[in-house]
Amino acid sequence: MDPTAALPQPQYATHDVTNQPPPLAPYDASDDPALLEGLRREGADWAEPGIRRLGARAGSAEAQEWGELANRHEPELRSHDRYGNRIDEVDFHPSWHHLMRTAVAEGLAGAAWADDRPGAHVARTAGGLVWGHTESGHGCPTSMTYAAVPALRATPELAKVYEPLLTSREYDPELRVPTEKPGLLAGMGMTEKQGGSDVRTNTTAATPTSEPGVYTLRGHKWFTSAPMCDVFLVLAQAPGGLSCFLVPRVLPDGSRNAFRIQRLKDKLGNRSNASSEPEFDGTVAWLVGPEGRGVKTIIEMVNCTRLDCVMNSATLMRKTLVEAGHHVRHRSAFGARLVDQPLMRNVLADLALESEAATTLTLRLAGAADRAVRGDEQERAFRRIATAVGKYWVTKRGPAFTAEALECLGGNGYVEDSGMPRHYREAPLLSIWEGSGNVNALDVLRALAREPGAADALFGEFAHARGADSRLDDTVTRLRTELTRTDQTGARRLVERMALALQASLLVRYAPTAVADAFCATRLGGDWGYAFGTLPAGSGFGAILDRALPGLN
C-alpha cells in the first residue's frame with residue numbers, strides 16, 4: 001500500500017494555464033493556396049495528391065518532434081574508434097535519419113532527374129516547401145544531392161555509374177562502397193579559408209596519377225556540409241587550372257578514402273546538419289569535366305542550390321506565418337483576441353503578402369528550371385538571371401520576416417520551446433549559402449553584361465503583366481533606364497527593384513486583387529513604412545488573411 005495515498009494532494013491554483021494557444025500540430029503544411037495554385041500553374045498538377053499527403057505528414061506531431069529532436073541532439077564527430085584508428089565519422093540522432101529517410105523517399109533529393117514527367121522539378125520544389133516545415137538542416141544534403149546530378153553529367157562515364165544511385169529514393173546512412181548501396185547522397189567541398197566565395201583562389205592541389213582521370217588531392221576545405229555523404233564534388237587546382245572532382249568517402253576496394261574531418265563548425269543555426277572542415281592528403285578523386293573548367297562544370301549545380309535557398313527561405317516564411325497566425329487566433333490581450341486587433345491584423349496581412357510573393361516566385365523559378373532542362377532556351381535565359389535575383393531578395397527578406405513573426409508571439413516566441421528561435425537562427429544562412437548578397441547582386445550584373453538573352457528574358461516576363469497595374473508599369477520603365485547606368489555600387493538597388501517587379505508581375509497575374517493591389521501599393525508605390533505592419537488603411541486585410549490563413553477570422 002502506498003503510504004502517501006491518504007495524504008491530501010497539493011493544489012496548484014496559481015498554476016492554472018489560461019489564455020495560451022493549444023499545440024499547433026497536427027496541421028496541414030500544404031494548406032496554402034499560393035503553393036497549390038503555383039504547383040498546378042507550373043505544370044505539376046499530377047503531384048498534388050502526393051504534396052497534400054506530405055503536407056499532412058510534415059505537420060504531424062511526430063514529424064514536428066523529429067525536427068525539434070534533431071536540433072536539440074546535435075551531430076557529434078568521432079574522429080577515432082576505441083582502438084585509436086582514424087574513422088572520421090559523424091553520429092546523428094535517430095530523428096535526423098527519420099527526416100532524411102522521408103525526404104529521400106519523397107523525391108526531395110535527386111529523384112527529379114530520373115522522372116520524365118513535365119513538372120518533376122516543380123513537384124520536388126513544392127515537396128520541399130511543405131516538408132521543410134519540419135526543420136531546415138536536413139535540406140542541405142538533399143539539396144546538394146539534387147544539384148550534383150547535372151554537374152556529374154559533364155563526365156558521362158561517371159554519371160552512368162553514379163546518377164542512378166543519386167536519383168534513388170532509398171536512404172542508406174552507412175559508409176560503404178558507393179556502388180554496393182541502394183542509394184547515395186552527395187556533398188560539396190568548394191570553399192577554402194583564404195577565399196570563401198572566391199573559389200578561384202583555392203589552394204587544394206590535384207595531382208594526376210598514372211590512371212587516366214584519377215588524381216590525388218592535398219588541401220584543407222573550410223566549409224563542407226554533411227560529411228557523412230557518400231561522394232563529394234570538390235574544386236581543386238589541377239595542372240590545367242581549377243577543376244572539379246568527385247571524391248568518394250569509401251573507395252571501390254572497400255577502404256576508407258583520406259577524408260580527415262578536423263572539426264565540425266559551431267554554427268549560429270542549422271544545428272542539426274554537420275558542417276565540417278575536411279583535410280585531404282593523398283585523397284583519391286576522379287576528374288569531372290575538363291581540367292581548368294571547374295567553375296563552368298559546377299555552374300548548373302549553383303543554379304540548383306540557389307533555387308533551394310529561395311525555396312527554404314519561402315518555407316521559413318510560411319512556417320513562421322502559420323505559427324504566428326495560430327498564436328494570435330488563441331491569444332487575447334486588452335479585451336480582445338489578438339487576431340481581432342487592427343494593428344495585429346496589419347502585421348499578419350503584411351507578412352502574408354511577403355510570404356505569398358516568395359512562394360509564387362519560388363514556384364515560377366522551379367517551373368523555369370523544369371522547362372530549361374527540357375530544352376526551352378527562353379526559360380533557360382530567364383532562369384539564369386531570375387534565380388540570382390530571387391536568391392538575393394527572398395533570402396534577404398527572411399531574417400526580418402522571421403523576427404516579425406516571432407514578435408507576434410511576444411515573450412513566448414523568444415523562448416526555445418516555441419521553436420521560433422530555431423527558425424530565426426536559420427534564416428540568415430539562406431542569404432549566405434551559395435554566395436552572399438553581394439555575390440548574387442554582382443552575378444546579376446555579370447549575366448546582364450555577358451548573356452544578351454538574360455535582360456530580354458526578364459523583360460519578356462514583365463511584358464505578360466503590362467497594363468495590369470500602373471505602379472508595376474512605372475517600375476519596369478525605370479528598370480530599363482537603370483540597366484544602362486548601374487555599376488557595382490548600385491547593384492543591390494537594381495536587383496532589389498528587379499525582384500519586386502518580378503514578384504509583382506506574378507501577383508497581378510495570378511493572385512487575388514487584394515493581394516496584388518496591396519503588394520504593388522507598398523513594395524512599388526511607396527505607400528509603406530520601414531517595418532512589417534505598415535500597410536495603408538483599406539488594404540483588404542480580411543481578404544488577404546482569409547487566403548493566407550483560412551479560418552483565422
Side-chain angles (χ1 to χ4, degrees), residues 12 14-27 29 58-77 90-100 102-103 130-140 225 264-275 312-333 338 344 347-348 351 355 395 397-433 532:
Y12 299 105
T14 60
H15 288 197
D16 289 347
V17 177
T18 61
N19 197 26
Q20 292 287 347
L24 172 61
Y27 72 101
S60 69
E62 178 183 52
Q64 291 296 303
E65 184 179 30
W66 289 345
E68 195 276 326
L69 290 174
N71 282 271
R72 186 194 306 170
H73 303 282
E74 297 176 16
E76 297 181 356
L77 172 63
V90 180
D91 290 335
F92 293 85
H93 188 268
S95 291
W96 167 271
H97 298 298
H98 295 324
L99 292 163
M100 285 295 303
T102 302
V130 298
W131 186 245
H133 279 234
T134 56
E135 74 95 38
S136 298
H138 76 291
C140 182
S225 281
L264 300 184
K265 295 292 192 180
D266 187 7
K267 299 172 292 184
L268 169 68
N270 203 250
R271 308 289 293 192
S272 68
N273 176 43
S275 297
N312 286 321
S313 286
T315 303
L316 276 174
M317 289 182 187
R318 179 63 189 174
K319 169 64 172 173
T320 54
L321 175 62
V322 169
E323 294 278 3
H326 176 73
H327 181 85
V328 303
R329 179 186 289 121
H330 296 281
R331 180 82 163 170
S332 295
L338 288 179
M344 179 60 78
V347 171
L348 285 175
L351 292 173
S355 176
T395 63
R397 300 298 289 154
F401 187 105
T402 52
E404 195 68 60
L406 182 155
E407 189 175 323
C408 290
L409 278 64
N412 292 328
Y414 202 68
V415 175
E416 287 291 339
D417 286 350
S418 72
M420 296 295 265
R422 168 158 59 92
H423 304 320
Y424 181 61
R425 289 191 298 269
E426 188 73 25
L429 169 66
L430 288 317
S431 183
I432 295 169
W433 186 30
F532 287 107

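Quick note: residue numbers are just sequence positions, from 1.
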Using modelled atom types and a 3.5 Å cut-off, is there a donor and acceptor pairing between side-chain atoms of [X] and backbone atoms of [Y]?
X    : Y    : result
H423 : S136 : no
E76  : F92  : no
N19  : S332 : yes
R331 : Q20  : no

Nearest heavy atoms of P22 and H326, plus distance in Å
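Taking P22 first and H326 second, the nearest heavy atoms are O-NE2, 2.7 Å.
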
Please find the pair of heavy atoms, one from P75 and one from V90, that lie closest to each other, and give the distance.
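That would be CB-CG1, 3.6 Å.
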
Stepwise salt bridge (Lys or Arg N to Asp or Glu O under 4.0 Å) test for E416 and R425:
CA-CA 11 Å; E416 287 291 339; R425 289 191 298 269; 2.7 Å; yes

A side-chain contact here means heavy atoms from C-beta on lying under 4.5 Å apart; do [X] and [Y] qualify?
X    : Y    : result
L348 : L321 : yes
M317 : T402 : no
F401 : T320 : yes
L316 : L430 : yes
R397 : S313 : no
T315 : W131 : no
E62  : H98  : no
R318 : H133 : yes

How are the rings of H138 and W96 set to each other: parallel, tilted or perpendicular (split at 30° and 60°)?
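Taking W96 first and then H138, their aromatic rings stand perpendicular (interplane angle over 60°).
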
Assess whether side chain to side chain contact (heavy atoms under 4.5 Å, CB included) is satisfied between T102 and W66, documenting all intermediate values.
CA-CA 11 Å; T102 302; W66 289 345; 3.9 Å; yes

Tell me, with the steps shown, if N273 and S225 meet side chain to side chain contact (heavy atoms under 4.5 Å, CB included).
CA-CA 7 Å; N273 176 43; S225 281; 3.7 Å; yes

Exceeds 12 heavy-atom contacts within 6.0 angstrom, atom CD of E65
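Incorrect, the count does not exceed 12.
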
Taking atom OH as the centre, does Y424 end up with more than 12 heavy-atom neighbours from other residues, nucleotides or ligands that are less than 6.0 angstrom away?
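No.
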
Is it true that D266 and R271 make a salt bridge, defined as a side-chain N closer than 4.0 Å to a carboxylate O?
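Answer for the salt bridge query: yes.
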
Please determine whether a side-chain nitrogen of the Lys or Arg among E323 and K319 lies less than 4.0 Å from a carboxylate oxygen of the Asp or Glu.
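Answer for the salt bridge query: yes.
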
